[in-house]
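Notes to accompany the following structure.
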2 protein chains.
Amino acid sequence: MTVSIKDVARAAGVSPATVSRALSGGKVSAELRAQVEDAVHRTGYRPNLSARRLRSQESQTIGLIVADICNPFFTAVARAVEDEAYKAGLRVILCNTDENPEKESMYLQLMEEERVTGVIFAPTRATAGRLGKLRLNYPIVLIDRADIASGQDAVVLDNAAAATMLVEHLHGQGYRHIAGLFGNASTTGIERHAGFTAAMQRLGLQPESRFVAPSIEAAEAEIASWLSHGHAPEAVVASNGLLLMGVVKAIRAAGKRIPEDLAVAGFDNESWTELAGPGLTVIEQPVAEIGRTAMHLLLERLETPGAPVRKVVLGGRCVVRGSTKAVQPLLA
Amino acid sequence: MTVSIKDVARAAGVSPATVSRALSGGKVSAELRAQVEDAVHRTGYRPNLSARRLRSQESQTIGLIVADICNPFFTAVARAVEDEAYKAGLRVILCNTDENPEKESMYLQLMEEERVTGVIFAPTRATAGRLGKLRLNYPIVLIDRADIASGQDAVVLDNAAAATMLVEHLHGQGYRHIAGLFGNASTTGIERHAGFTAAMQRLGLQPESRFVAPSIEAAEAEIASWLSHGHAPEAVVASNGLLLMGVVKAIRAAGKRIPEDLAVAGFDNESWTELAGPGLTVIEQPVAEIGRTAMHLLLERLETPGAPVRKVVLGGRCVVRGSTKAVQPLLA
DNA sequence: TTCAATCGTGAAAACGTTTTCTTAAGCTCC
DNA sequence: GGAGCTTAAGAAAACGTTTTCACGATTGAA
């Protein structure tokens with residue numbers, strides 16, 4: 001049925017070894033190489049990657065395990081990882097964990113069975129903690145989320161600094177009563193919360209924080225509750241794109257205005273943030289840079305497995321828009 | 001180095017065949033099965049999927065080839081496909097073509113080399129046309145885009161009907177001078193344009209259409225040009241989420257209002273459309289249903305390869321929001 | 001001219017499974 | 001109690017490659 005390298009060899013009048021060498025750029029005379037190419041064309045031969053991987057013991061494949069493929073942050077990172085992997089001659093297997101530790105375990109194991117050469121992984125907090133104990137037979141580079149203790153290569157945002165930027169910006173615009181809404185599944189929520197709290201205290205302000213599930217609905221419900229009970233702050237900081245969307249939806253649903261009734265700032269410069277309300281002030285993450293860097297860290301780790309662990313911390317950029325407009329003209 | 005089924009067999013004091021049978025649920029005495037399970041645990045054995053696939057000649061894998069993984073429409077479909085594939089015990093390889101025919105060819109070939117059992121594919125117009133000639137050794141189910149002539153299973157939106165709904169809605173709201181903006185890379189653009197034009201003519205209106213590249217920037221530039229030259233229509237219909245975003249960005253940049261200066265309607269009920277301006281009137285596609293149906297068509301095709309080609313056409317839903325508010329109170 | 005080194009090629013082994021074939025042991029049934 | 005079945009287990013073949021090994025021919029140096 002399916003045509004194998006032996007069929008090609010027969011058609012070309014050479015041995016299978018010669019076909020293999022001709023196709024992989026080995027030493028073959030020009031004459032035989034031409035015969036082989038012709039035979040490949042005539043037979044419609046397609047190499048069997050499973051056989052190739054089995055024999056050569058290298059999969060030329062990496063795994064990319066993210067929490068949510070519908071989240072623009074991860075798709076943007078995935079694009080960058082894929083482009084970079086392609087340049088290095090590697091395939092990418094993309095996996096979706098839904099922030100579910102069981103799925104994470106399942107995929108980490110699957111990656112072993114696929115014999116991937118390495119994995120780029122955005123773990124939940126639960127998994128990040130026990131990653132060191134897992135003894136997987138491939139190197140891992142963490143992205144976006146990294147436990148401080150985990151002895152893994154990682155590339156992350158300077159979350160504390162970014163949260164500080166937002167707080168200081170809001171403070172500069174005249175806001176004093178500022179609340180923070182953080183995701184409870186990842187370490188980024190923790191770190192951004194820490195930066196937020198520290199910055200508030202440094203400014204002599206009373207920090208107020210809530211942790212919720214990383215979903216639009218959870219954020220929406222939380223804000224709706226604030227607004228309906230009438231004890232809403234002057235401004236709110238949302239620790240990722242999902243929560244930010246929930247915040248804006250709740251404010252619209254309540255018929256309130258941004259920033260007059262509630263100022264808004266958040267993380268992730270997704271394209272819709274420019275269009276929502278008066279435009280949303282956000283921290284822009286260097287998504288492409290994160291993907292590229294992760295891939296490079298992985299390649300270097302593969303090259304020198306013994307090298308010391310490296311953690312790359314990238315800075316965010318504060319994009320100021322109307323959602324944090326000064327509450328009243330500032331005094332000079 | 002890596003532990004194989006032979007090592008497990010040795011550790012359990014049985015033959016490799018027995019290990020294989022024990023792990024795949026074959027007939028093995030309870031006693032030996034326990035020994036095997038213990039040995040697997042002790043040795044940390046992980047089956048090698050390449051070897052398994054090579055020997056059993058089935059990959060248990062399907063390919064999902066989409067145009068743009070950053071487009072929420074495709075990520076939503078991908079999610080549904082993955083969930084359904086998982087239920088059927090299949091893995092999914094996700095590929096990104098960037099609407100680039102060369103990448104499409106590359107991935108179609110790669111899927112052959114991976115020996116996938118089938119492929120779900122959203123092709124560009126260029127590739128949709130020559131798909132029949134390609135003689136690939138796996139069945140294909142097309143999604144979102146399908147050439148009329150292509151003898152392939154497919155699941156698509158009723159594009160003409162959806163475009164008609166938008167036109168009739170705008171007409172009902174009092175708009176007369178309506179322009180359409182369509183993507184030039186896919187068959188959906190063609191079909192939506194056809195529906196748009198037919199509906200306009202049926203209503204005795206003069207249709208005006210533009211085809212642009214499927215990107216935010218292209219749409220933005222086109223609308224910006226309309227607005228700056230002062231010959232903008234009363235309303236514009238955008239044929240997908242990307243173009244819709246470009247339209248809104250251009251209107252905001254020009255300092256115009258929706259719908260007073262320009263009413264807007266489009267395709268794809270992405271979550272941001274609720275938040276942009278006064279909310280955008282859109283056609284909601286049954287994304288999950290599309291993914292599920294595609295997977296089912298593929299499974300049925302695998303079961304009965306000879307069955308006649310099926311094309312499933314799903315209806316869209318018109319979600320009315322502020323961007324198409326009546327231009328002036330309608331007369332009773 | 002001869003010996004060693006290099007080169008292109010084919011034969012055969014190897015990769016880690018699953019599956020077919022064989023075999024030995026335990027049954028059932030007259 | 002032996003002929004015929006069923007059953008569980010092992011031996012060995014097979015999947016489609018790549019790679020090692022062996023071999024003869026060509027080349028280069030002495």
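Values in this document were obtained by computation on a predicted structure and should not be read as measured data. Below, all heavy atoms of this structure are taken into account, side chains as well, without hydrogens, waters or symmetry copies. Chain identifiers are assigned alphabetically (A, B, ...) following the order of the sequence lines, protein sequences preceding nucleic acid strands; residue numbering begins at 1 within each chain.
Summary of the strand contacts: Arg21(B) and Leu54(B) both lie near DNA chain D, and taking for each the nucleotide with the nearest heavy atom, the more 5' one is attributed to Arg21(B).
Judged by distance alone, the side chain of Asp83(B) and the main-chain N or O of Ala80(B) form no donor-acceptor pair under 3.5 Å.
A sub-4.0 Å separation between OP1 or OP2 of dA8(D) and a side-chain N or O of Ser29(B) is absent.
Regarding Glu31(B), its CD atom lies at a distance of 16 Å from the C1' atom of dT7(D), rounded to whole Å. Here dG10(D) presents its P atom at 16 Å from NZ of Lys27(B), a figure rounded to the nearest Å.
The salt bridge (Lys or Arg N to Asp or Glu O under 4.0 Å) test applied to Arg292(B) returns Glu289(B), not counting sequence neighbours.
Residue contacts shown for Ser4(A) are limited to sugar-phosphate atoms, with no base heavy atom under 4.0 Å away. Residue-level contact check: Arg46(B) touches the backbone only, with heavy atoms under 4.0 Å from sugar-phosphate atoms and none from bases. Nucleic acid contact class of Leu49(A) (heavy atoms, under 4.0 Å, all strands): none.
The heavy-atom pair separating Arg125(B) from Asn184(B) by the smallest distance is NH1-O, 2.8 Å. Summarising the geometry of Pro123(A) relative to Ile143(A), their closest heavy-atom pair is CD-O, 4.3 Å, with the distance given to 0.1 Å.
Paired with Arg91(B) under the rule side-chain contact (heavy atoms from CB on, under 4.5 Å), one option of Leu49(B), Val116(B), Thr61(B) passes, and it is Thr61(B).
Contacts between chain B and DNA chain C, taken as any atom within less than 4.0 angstrom of a protein heavy atom, begin and end at dG16(C) to dT20(C).
For the pair Lys87(A) and Glu84(A), the salt-bridge criterion is met [side-chain N within less than 4.0 Å of a carboxylate O].
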